[in-house]
Amino acid sequence: MSGLAFLSPGRASAEAVWCSPLARALEGAPPDVGDLSQTGKIEIRGDLPKSVKGGELNRITPNRGLVLCDFGKTVELLEKLSQDYFAVDVTATLAGLSVRGEQLMRRITDLDLDALPAAGAVSHIQALVTRDGDSFALWFGQEYSDYLAEVVIDAWEGLRE
Amino acid sequence: MRLPARPGERLNRDREVTFTYDGNAVRAFEGDTIGSALYASGQRIFSRSFKYHRPRGLLCCSGSCPNCMMTVDGVPNVRVCAEPVRENAVVRPQNVWGSLERDALVVTDKLGGPFTPVGFYYRTMIRPRWAWPLYEKFLRSVAGLGKLDKHGTRANRYDVEHRRARVLVIGGGRAGREAAQQHAVAGMQVVLVDEGFVDPLEGVEVVAPGRALGIWEGGLVPVDAGRVLYRFRAEKIVVATGTIEQPLVFPGNDLVGVMLPDGVRRLIEDWGIKPAEKAVVVTVDEAGREAAASLREAGVEIAGVYDLRRERVREIVARGRGGVLRSVEVDGRKLSCDLLVMSGGRQPAYSLLSQAGARVEYDPGRGVFIPTDIPEGIEAVGSVAGEGLAGAVPAASYNGASGKGKCFVCVCEDVTDKDLKRAIAEGFDSIELAKRYTTVTMGPCQGRLCHVPSIRLYARENEKDEATIGTTTARPPWAPVTLGLLAGRPHEPAQRTAIHHRHKELGAKMMWTGTWRRPHSYGDPEGEAQSVHASVGVIDVSTLGKMIVRGPDSAQFLERLYPNRFGDMKPMRIRYGVLNSDAGRIMDDGTIARLDDETFYVTTTSTGAGAVLEWFEWWNAVWGMDVEIVNVTGGLAAVNVAGPRAREVMRKLTDIDLSNEGLAYLDAREAQIAGVPSLILRIGFVGELGYELHFPSPYGEHVWNEILDAGEEFGIRPFGLEPQRILRLEKMHILVGQDTDSESNVLEANMPWIAKLDKDDFVGKWSLEQVQERGLQDLLVGFEMEDGKVPLEGAQVVLEGTRPIGRITSSRWSPELRKAIGMAWVPAAIAEEGKSFLVTVDGGFERATVRLRPFFDPDGEKLRS
């Protein structure tokens with residue numbers, strides 16, 4: 001069976017140059033906004049476990065979850081998870097943006113920030129949002145990277161006007 | 001004139017603020033509004049009315065009425081009575097020809113009355129028809145309030161903020177504050193919103209000034225806080241919006257100097273201003289008496305107080321000069337004054353409750369409309385619920401047809417009692433019809449000051465009670481809101497490929513395809529197309545929809561969805577597929593590669609990806625098959641390396657066997673390209689030997705750069721969408737949505753080979769069988785122009801005698817073939833090789849010849865080379 005290797009950036013050789021979808025958009029960005037894109041991401045489907053060893057499981061639906069892990073260990077974890085679940089490497093599919101500050105988040109999403117992680121609209125696009133104290137992580141389709149970075153930086157500037 | 005500082009005033013007299021009004025500097029104190037500062041400086045006329053251009057002055061001082069609307073810093077229709085002063089603000093009057101004091105358009109008040117009765121715009125200026133452009137030009141120049149600068153940029157920054165509240169209290173009066181405090185003491189998170197100025201409350205977040213615009217499902221309450229629109233989601237909403245002071249209706253009730261009690265109170269108590277020298281008070285409640293007491297305290301002489309609860313007054317007439325109040329006649333007794341305080345009672349401000357679903361009932365005992373049946377999760381407290389309103393007497397209307405002046409029911413739209421009576425006489429006897437016909441309640445105050453008076457007048461004239469007349473429907477926004485605030489920030493959710501920035505660096509001219517940004521070309525569309533034929537080119541096709549379909553039932557699933565077969569495909573082979581709707585119409589197309597027995601890789605059109613994904617998921621749910629569908633559109637970048645030298649370029653990037661034996665036409669292979677794991681599809685949309693490479697998007701720029709480096713010795717050029725469209729047309733490859741529409745089917749789109757009608761079933765099969773049974777009517781064919789002129793896409797195909805019989809869907813000049821070519825829908829009778837038809841070009845007709853086989857490489861030898 002095809003291992004769908006062409007979906008896994010972690011299988012690239014060392015000479016291949018990774019370019020984050022947010023690289024250009026975040027040039028000169030404020031310190032409250034950062035790039036998390038080079039994080040390993042695996043979507044698993046089925047009867048989800050309570051936790052995943054070596055990764056952080058975020059439940060999107062009762063039988064669909066997103067596992068975040070160290071980029072260098074993605075392939076190894078994918079192979080392990082594939083033994084029990086339908087698992088797909090979505091590292092390249094999702095960009096990751098870190099945002100610090102609750103008010104800044106309120107400027108871009110209607111999601112209940114006290115009930116994260118949750119998936120929903122962030123400035124008109126779909127994203128999974130996780131939280132750690134006053135720091136938030138947005139996981140969204142990488143093709144919207146320039147757009148969302150522009151929105152977040154603009155909102156950040158708006159709070160300082 | 002300013003009064004001495006007093007406790008509770010809003011001013012910080014230690015801090016001055018200066019702004020300009022009509023070019024002149026105005027000094028104010030911090031805490032003033034622009035309106036209060038102007039009033040203190042002696043300004044009395046604040047605006048000209050909408051229709052008659054009558055002078056208007058401060059009336060409510062609470063941002064409810066239209067009387068003080070001016071242009072502030074370029075923003076029209078700002079109610080300056082509620083707009084805080086700010087340093088260097090530029091304030092100008094609006095809606096005048098000349099100045100506020102001398103407005104030439106006041107002629108409509110003096111002479112225009114007979115020509116501009118209610119509803120005149122529905123029945124005048126109709127004839128002569130040729131004159132309408134002149135009427136229109138004139139009307140547009142005088143109509144409307146304020147002027148927008150058509151070439152202006154955004155005057156202000158507006159943001160949206162999403163908030164949550166356990167309890168949201170709307171209204172910061174006594175009842176609202178008590179409710180907020182009670183909930184806060186109970187440990188709840190409470191936010192209080194008020195239109196005006198509210199003192200801080202312990203344990204309560206106060207948003208003021210802030211206007212709640214409406215109440216929607218799910219406890220959504222947008223609040224206009226000036227530069228920020230707060231979108232509150234509240235678990236509980238407490239409405240404490242209080243009441244709205246109602247005016248009295250009598251001749252001259254709109255003169256400058258006629259005010260509502262609360263407006264007078266604010267001038268004195270909030271901004272320390274002596275409102276006038278001599279005042280008369282006419283009231284139906286205590287508010288007028290309280291205003292009289294405040295005025296006396298401020299040193300204003302009271303010429304008379306008429307409490308209509310205690311005395312019967314037959315006639316009130318306000319008289320003025322130049323639109324400014326000079327005297328009041330009460331039952332013939334003339335009283336000189338420069339201020340008339342009128343109080344027509346208080347009406348609960350129930351609009352937000354009504355929008356939320358509450359019923360509104362008339363209470364004849366109190367003469368007001370009271371909200372009832374308040375929806376769950378919402379509570380009404382204070383006077384909005386009718387508390388403390390006992391004893392008010394409904395205000396009578398005083399006849400304006402007495403020849404003693406206009407008697408305004410609606411000051412926003414300049415609607416008089418005479419207008420409403422005329423509307424009733426014309427048959428508009430329901431209040432909802434009156435609203436639409438006369439525009440009463442449709443102006444900037446949205447009925448705050450005219451709703452109840454118009455209902456009362458309708459009741460009296462129709463000899464019915466107010467309950468029978470009823471109310472008009474309350475709709476959001478409850479308060480006027482700037483379009484900028486609703487629009488928010490100017491961001492466009494565009495999709496960009498992983499190679500987007502490289503395209504821009506290479507000078508690409510970008511264009512929209514759906515929500516994607518794509519290179520139209522790099523400046524030389526024809527040259528880029530020719531490069532593909534002559535040597536090799538590369539195009540970014542990352543926008544293609546891409547899906548993994550995996551599971552034991554995946555082949556059967558695709559068999560049911562597509563009209564052609566997939567069960568017989570060998571692993572690592574590719575097949576073209578056209579997706580049909582239930583009605584057998586073409587939805588989308590793309591390629592399907594079988595990666596192994598249970599895994600397929602499906603591509604779709606760029607703009608169809610979302611719809612196809614939904615379509616797949618819908619049918620998977622319906623059929624309950626053992627299939628998983630994963631959208632990998634954004635995760636994979638894709639480029640197409642095409643041209644006779646494409647293989648040589650590819651050999652520099654990968655170790656796999658690229659010979660025709662190793663990787664034949666319509667073969668797929670997983671391999672490393674420039675060190676990046678990739679899926680190679682040997683397909684050729686542009687008609688030459690081609691390799692479509694799909695690989696993780698973060699390596700988009702890396703692979704793109706490596707391809708350009710590898711192809712440099714062969715003269716590789718990147719090409720955009722426009723050259724691609726030339727090349728695909730040469731091959732007669734269709735573009736779904738361009739060459740097809742919602743009625744097109746594969747049989748008539750000249751692809752009968754794709755429909756395997758002998759399959760058990762597939763989506764759209766029955767419909768295609770019906771098409772086959774009725775016979776083909778219009779067919780999609782290729783054509784070439786005899787004279788070389790390129791017709792417009794969408795141009796008509798005509799038969800001799802100029803009868804339209806079809807349309808052009810695609811047309812281009814082919815630099816390779818040196819011909820104008822295209823595709824068109826034509827009747828089956830002429831869809832034969834070599835037949836001809838006429839096409840409209842530049843207003844004339846040109847002859848085209850039907851071609852049924854690809855213009856370029858008709859046998860596909862280059863594709864298979």
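The sequence lines fix the lettering, A, B, ..., with proteins before strands; numbering per chain opens at 1. Since the model is a prediction, treat every value here as computed from it, not as a measurement.
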- Note on the structure: Against chain A, residues from residues 158-166 of chain B with at least one heavy atom under 4.5 Å, in numeric order, are B:Asp159, B:Val160, B:Glu161, B:His162, B:Arg163, B:Arg164
- Query: Any donor and acceptor pair, going by atom type alone, linking the side chain of B:Arg594 with main-chain N or O of B:Phe600 inside 3.5 Å?
  - Reply: no
- Item | Heavy-atom contact with chain A under 4.5 Å, split by part of B:Arg157 | side chain
- Task: Show your working on ring-ring contact (aromatic ring centres under 6.0 Å, His included) between A:Trp18 and B:His702 and close with a plain yes or no.
- Result: CA-CA 7 Å; A:Trp18 165 286; B:His702 167 75; over 10 Å; no
- Side chain, backbone, both or neither of B:Glu628 within contact of chain A (heavy atoms, under 4.5 Å): both
- Message: Measuring from atom CG of A:Asp35 to atom OG of A:Ser145, what distance do you get when rounded to the nearest 0.5 angstrom?
- Response: 8.0 Å
- Message: Before you tell me yes or no, could you show the steps for A:Asp154 and B:Arg489 under salt bridge (charged side-chain N to carboxylate O under 4.0 Å, His left out), namely the whole-Å CA-CA distance, both residues' side-chain angles and the distance that decides it to 0.1 Å?
- Response: CA-CA 9 Å; A:Asp154 180 62; B:Arg489 303 293 298 147; 2.7 Å; yes
- Query: Would you say B:Ser678's side chain and B:Leu693's backbone share a donor-acceptor pair under 3.5 angstrom?
  - Reply: no
- Do you know which of A:Met105, A:Gln103, A:His124 has the most heavy-atom pairs with chain B at a distance under 4.5 angstrom? A:Gln103
- Non-hydrogen atoms of chain A under 4.5 Å away: do they reach the side chain of B:Glu701, the backbone, both or neither? side chain
- Task: Output the option from B:Val630, B:Val676, B:Thr515 having the highest count of non-hydrogen pairs under 4.5 Å with chain A.
- Result: B:Val630
- Apply salt bridge (charged side-chain N to carboxylate O under 4.0 Å, His left out) to B:Arg550 and B:Asp597, showing your working. CA-CA 9 Å; B:Arg550 179 173 243 185; B:Asp597 284 348; over 6 Å; no
- Query: Are A:Tyr144 and A:Ser123 close enough that some pair of their side-chain heavy atoms sits under 4.5 Å apart?
  - Reply: no
- Message: Only pairs of heavy atoms separated by less than 4.5 Å count here; which of A:Asp114, A:Thr91, A:Thr109 has the most with chain B?
- Response: A:Thr109
- Measure distances from A:Pro21 to the heavy atoms of chain B and classify the residue's part below 4.5 Å as side chain, backbone, both or neither. neither
- Looking at B:Ala498, B:Gly635, B:Gly488, B:Gly700, which makes the most heavy-atom pairs under 4.5 Å with chain A? B:Gly635
- Note on the structure: In short, B:Ser697 meets B:Gly634 closest at the heavy-atom pair OG-O, 3.3 Å
- Item | A:Arg45, part contacting chain B, at a heavy-atom distance under 4.5 Å | side chain
- Message: Less than 4.5 Å to any heavy atom of chain A: does that hold for the side chain of B:Ile548, its backbone, both, or neither?
- Response: side chain
- Max heavy-atom pairs within cutoff under 4.5 Å with chain B, candidates A:Glu15, A:Arg24, A:Gln142, goes to A:Arg24
- Item | B:Leu213 side, atom CG; B:Asp224 side, atom CG - distance, nearest 0.5 Å | 5.5 Å
- Message: Under a 4.5 Å cutoff for heavy-atom pairs, which residue among A:Val88, A:Leu148, A:Asp112, A:Leu159 has the most contacts with chain B?
- Response: A:Asp112
- Which bit of B:Val228 comes within less than 4.5 Å of chain A, counting heavy atoms only: side chain, backbone, both or neither? side chain
- With a 4.5 angstrom heavy-atom cut-off, could you sort out which part of A:Leu111 is near chain B: side chain, backbone, both or neither? backbone
- What part of A:Ser37 lies closer than 4.5 angstrom to a heavy atom of chain B: side chain, backbone, both or neither? neither
- Message: I'd like to know if the side chain of B:Thr599 and the backbone of B:Asp596 have a donor-acceptor N/O pair within less than 3.5 Å.
- Response: no
- Query: chain A: which of B:Arg496, B:His694, B:His500, B:Gln672 shares the most heavy-atom pairs with it under 4.5 Å?
  - Reply: B:Arg496
- Message: Is B:Arg517 in contact with chain A via its backbone, its side chain, both, or neither, using a 4.5 Å heavy-atom distance?
- Response: neither
- Message: Can a donor-acceptor pair be found, under 3.5 Å and without considering hydrogens, that links the side chain of B:Arg518 to the backbone of B:Asp540?
- Response: yes
- Region of B:Tyr699 that comes under 4.5 Å of a non-hydrogen atom in chain A: both
- Task: Using non-hydrogen atoms and a 4.5 Å limit, figure out which bit of B:Glu492 sits close to chain A: side chain, backbone, both or neither.
- Result: backbone
- Message: With salt bridge (charged side-chain N to carboxylate O under 4.0 Å, His left out) as the criterion, how do A:Lys80 and A:Glu76 come out once you've worked through the C-alpha distance, each side chain's angles and the decisive distance to 0.1 Å?
- Response: CA-CA 6 Å; A:Lys80 197 172 146 201; A:Glu76 186 188 331; over 6 Å; no
- Query: Heavy-atom distance under 4.5 Å to chain A: side chain of B:Thr497, backbone, both or neither?
  - Reply: neither
- Query: Can you say whether B:Tyr230 sits under 4.5 Å from chain A via the side chain, the backbone, both, or neither, judging by heavy atoms?
  - Reply: neither
- Task: Please confirm whether the backbone N or O of A:Gly46 pairs with a side-chain atom of A:Asn63, one donor and one acceptor, at under 3.5 Å?
- Result: no
- Contact winner vs chain A - B:Asn631, B:Ile673, B:Thr543, B:Ile629, heavy-atom pairs under 4.5 Å: B:Ile629
- Query: Relative to chain B, which segment of A:Gln38 carries a heavy atom at a distance below 4.5 Å: side chain, backbone, both, or neither?
  - Reply: neither
- Query: With side chains defined as the heavy atoms from C-beta onward, is the minimum distance between A:Phe6 and B:Tyr601 less than 4.5 Å?
  - Reply: yes
- So, the part of A:Ala14 with a heavy atom under 4.5 Å from chain B: the answer is neither
- Query: Side chain, backbone, both or neither: which part of B:Leu636 has a non-hydrogen atom closer than 4.5 Å to chain A?
  - Reply: side chain
- Task: Answer whether the closest heavy-atom distance between the side chains of A:Tyr85 and A:Pro49 falls below 4.5 Å.
- Result: yes
- Message: Strictly below 4.0 Å, N to O, side chains only: are A:Lys41 and A:Asp89 in salt-bridge contact?
- Response: no
- Query: Does a side-chain heavy-atom distance below 4.5 Å link A:Leu97 with A:Leu22?
  - Reply: yes
- Message: With salt bridge (charged side-chain N to carboxylate O under 4.0 Å, His left out) as the criterion, how do A:Glu79 and A:Arg11 come out once you've worked through the C-alpha distance, each side chain's angles and the decisive distance to 0.1 Å?
- Response: CA-CA 12 Å; A:Glu79 285 171 356; A:Arg11 295 183 196 271; 3.7 Å; yes
- Most chain B-contacting option - heavy-atom pairs closer than 4.5 Å, from A:Leu113, A:Ile125, A:Leu7: A:Leu7
- Task: Flag the pair A:Ile153 / A:Pro30 as yes when at least one side-chain heavy-atom distance between them is below 4.5 Å, and no otherwise.
- Result: yes
